[in-house]
Visitor: 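To start, I am sharing the structure in question, which I have written as structure tokens.
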Amino acid sequence: MHGSFITFEGVEGAGKSTQIVVLADWLRDAGYTVMMTREPGGAPQAEQIRDLLVSGDTASWTDMGECLLMNAARTEHLARTIRPALKAGSIVLCDRFMDSTRAYQGGAGGIDMTALRQIERAVVGNTGPDLTFIFDLPVAAGLERAKTRGGDDRFEKKGRAYHERVRSAFLQIAAEEPDRCKVIQADQTQDKVTQDILAIIKAWLPVKGGGHHD
Ligand code: TMP
């Protein structure tokens, strides 16, 4: 039996992490085996790369350097954590994945999309997400939320204009791949956001719960 791969994407401070925990509990209650993970990170070497990426000055990496490090972390994460869990039949819930590279390093950072997609294909192969939630909210509100929860990482410091480009890029991805990507209005109460996610999951699981990874 093969599992399902669900990713959570979006701008800073959108409340993804909270909702992942709520969904994981709901799925476990419904009898599914669930694994929660995150990017960059999710495997020992990938977590080391995360430390390099989120600390230091905004200018300490070029956009291409970030893109390659994100993909280096991703390839370890896929090999050590995601593919084994899918093979074992789990539902994998991942906080950020390849769409973050498209939005941050591509849309906001300006990396050539053809090169970015080639790297993505080489790294991800056929282990792309089956379903992706894209959390959307105004950039100012998200950055404010991220700040109050104590966040101060390299990406949060990149400025408003950068994060506006990130937001637009995510919405563009959602428009291009509407079957896979579902936009979640994240500037609502936590309960309402949970309801929106569960409505999508309930409609999706009976059809795709068996997964379709080779
Ligand atoms: P987090 O704050 O959601 O834990 O993610 C850490 C930061 O890494 C966040 O600001 C987004 C950024 N990021 C990218 O720029 N590209 C990527 O591919 C991923 C996975 C994350």
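One-based numbering, in listed order, for ligands and for the atoms of each.
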Visitor: Between K157 and D153, does any side-chain N to carboxylate O distance fall below 4.0 Å?
Guide: no
Visitor: Is R74 positioned over the aromatic face of F97, cation under 6.0 angstrom from the ring centre and no more than 45 degrees off axis?
Guide: yes
Visitor: Is there a donor in the side chain of Q105 and an acceptor in the side chain of E66, or the other way round, less than 3.5 Å apart?
Guide: yes
Visitor: Got the closest protein heavy atom to atom 18 (O) of ligand 1, with its distance?
Guide: T101 OG1, 2.5 Å
Visitor: Given R96, M98, E156, identify the one with the heavy atom nearest to atom 3 (O) of ligand 1.
Guide: R96
Visitor: Which atoms of ligand 1 sit under 4.0 Å from any heavy atom of Q105?
Guide: 14 (C), 15 (O), 16 (N), 17 (C), 18 (O)
Visitor: Take every heavy atom of K16, measure it against each atom of ligand 1, and state whether any distance is under 4.0 Å.
Guide: yes
Visitor: Of the listed options (A146, C94, S100, G10), which comes nearest to atom 19 (C) of ligand 1 when hydrogens are ignored and any heavy atom counts?
Guide: S100
Visitor: Does a salt bridge link E156 with R149, judged by any charged N lying under 4.0 Å from a carboxylate O?
Guide: yes
Visitor: Which atoms of ligand 1 have any heavy atom of F155 under 4.0 Å away?
Guide: 7 (C), 8 (O), 10 (O), 12 (C), 15 (O)
Visitor: Which residue and atom name correspond to the protein heavy atom nearest atom 4 (O) of ligand 1, and how close is it?
Guide: R50 NH2, 2.8 Å
Visitor: Got the closest protein heavy atom to atom 14 (C) of ligand 1, with its distance?
Guide: M70 CE, 3.2 Å
Visitor: Can you classify the ring geometry of F170 versus Y104 as parallel (below 30°), tilted (30 to 60°) or perpendicular (above 60°)?
Guide: perpendicular
Visitor: Is it true that T7 and T132 share a donor-acceptor pair across their side chains at a distance under 3.5 Å?
Guide: yes
Visitor: Would E47 and R38 satisfy side-chain contact (heavy atoms from CB on, under 4.5 Å), going step by step from the backbone distance to the final call?
Guide: CA-CA 9 Å; E47 288 289 337; R38 69 164 181 183; 2.7 Å; yes
Visitor: In the protein, what heavy atom is nearest to atom 2 (O) of ligand 1, and what distance, to one decimal place, separates them?
Guide: D153 OD2, 4.0 Å
Visitor: Will you find, in the side chains of T101 and E120, an N or O donor that is under 3.5 Å from an N or O acceptor?
Guide: no
Visitor: Using a strict 4.0 Å cut-off to heavy atoms of E12, name the atoms of ligand 1 that fall inside it.
Guide: 9 (C), 10 (O), 11 (C)
Visitor: Need the ligand 1 atom indices (1-based, order shown) with element for anything under 4.0 Å from a heavy-atom of E39.
Guide: 20 (C)
Visitor: How does P40 reach ligand 1, by side chain, by backbone, by both or by neither, if only non-hydrogen atoms under 4.0 Å count?
Guide: both
Visitor: Is the ring pair F8/F133 parallel, tilted or perpendicular, if the boundaries are 30 and 60 degrees?
Guide: tilted
Visitor: Heavy-atom contacts with R74 under 4.0 Å: which atoms of ligand 1 show up? List them by number with element.
Guide: 18 (O), 20 (C)
